[in-house]
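Single-structure report; data block below.
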Amino acid sequence: MIAFAIASLLMSMIPGPTTVVILRQSIRAGRPAGVATVLGNETGWLAWCLAAAFGLSALLVVSELAFDIMRIVGAVVLVWFGARMLWQARRGAEGAPSADLAASSPAGPSLWSCYRSGLLTNLANPKAGVFALSFLPQFVPEGAPALPTLLLLAVASALIDLAWYLGIVRLVGAAEGFFKRPAVRRRLEYVSGTLLIGLAVRLALTSKP
């Protein structure tokens with residue numbers, strides 16, 4: 001179980017689209033928005049784990065068509081998120097003379113919007129489904145009932161993931177004063193949008209594992 005916890009933590013620490021979206025929402029709208037995004041991400045991860053436990057994720061491994069459909073859908077979702085970030089950064093730059101006024105009364109996203117962005121980012125990544133299928137079964141002890149054990153591992157993995165990302169949200173909250181500066185927020189929007197579009201291109205070019 002210790003090996004599983006360490007492996008799960010290391011997997012959580014690998015940067016990806018989820019990290020970008022959680023950081024962006026936390027910086028843009030504060031800790032509650034970051035927490036909502038994390039919860040959305042964990043819902044998506046649990047969905048993939050459940051799919052793996054019931055064998056549904058195997059479809060992404062054996063069917064090239066299913067994987068390609070999910071791959072393209074995932075890339076489109078990431079491009080959409082990235083393009084919105086770049087647009088908001090550009091709009092903020094155009095309104096730079098009144099940036100201080102805008103910063104004092106930001107129209108931040110709703111908690112539901114943040115939750116949904118975390119959920120969609122995770123669900124739109126077929127590699128998460130393939131990973132769940134290949135990762136969790138390795139830690140099922142010989143002779144143990146497969147389905148209950150996989151479900152237990154899925155919950156444990158989600159809790160470890162949750163702890164890691166909530167730590168990131170907390171760190172961002174500790175530096176809230178820095179991230180509230182209009183110029184800093186614009187640059188972060190540009191960087192976040194560019195990273196997501198880059199990850200979308202990489203996902204679109206990914207071949208079936």
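Numbering starts at 1 and runs along the sequence shown.
A donor-acceptor contact shorter than 3.5 Å is absent between the side chain of Trp45 and the backbone of Leu162. For Ser157 (side chain) and Leu153 (main-chain N/O), no donor-acceptor pair under 3.5 Å exists by modelled atom type.
Residues Ser117 and Thr37 share a closest heavy-atom pair of OG-CG2, 4.0 Å. Across all non-hydrogen atoms, the minimal contact from Ala144 to Thr149 is CB-OG1, 3.7 Å. Taking each heavy atom of Arg31 and Gly173 in turn, the nearest pair found is NH2-CA, 4.1 Å. When every heavy atom of Glu42 is checked against every heavy atom of Ala158, the shortest pair comes out as OE1-O, 3.3 Å. Heavy-atom minimum distance, Ser26 versus Val169: OG-CG2, 3.5 Å. Closest approach of Ala83 and Ile197 over heavy atoms only: N-CD1, 4.1 Å.
With hydrophobic clusters built from ILVMFWY side chains whose heavy atoms lie under 4.5 angstrom apart, Val191 shares a cluster with Val21. Hydrophobic clustering (ILVMFWY, side-chain heavy atoms < 4.5 Å, transitive): Val172 and Leu111 are in distinct clusters. One hydrophobic cluster holds both Trp164 and Leu23 under the rule that ILVMFWY side chains link at heavy-atom gaps under 4.5 Å.
With rounding to the nearest 0.5 angstrom, the CG atom of Leu159 is 10.5 Å from the CG atom of Leu166. Here the CG-CZ distance, from Leu152 to Phe139, works out to 13.5 Å after rounding to the nearest 0.5 Å.
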Can you list, pair by pair, the side-chain donor-acceptor contacts under 3.5 Å of residues 3-20, counting residues two or more places apart and other chains?
unit_1: Ser8; atom_1: OG; unit_2: Phe4; atom_2: O; d: 2.9
unit_1: Ser12; atom_1: OG; unit_2: Ser8; atom_2: O; d: 3.0
unit_1: Ser12; atom_1: OG; unit_2: Asp161; atom_2: OD1; d: 2.5
unit_1: Thr18; atom_1: OG1; unit_2: Asn41; atom_2: OD1; d: 3.0

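Using modelled atom types and a 3.5 Å distance limit, the side chains of Tyr115 and Thr43 yield a donor-acceptor pair.
Side chains of Trp48 and Leu123 form a contact here, defined as non-hydrogen atoms less than 4.5 Å apart.
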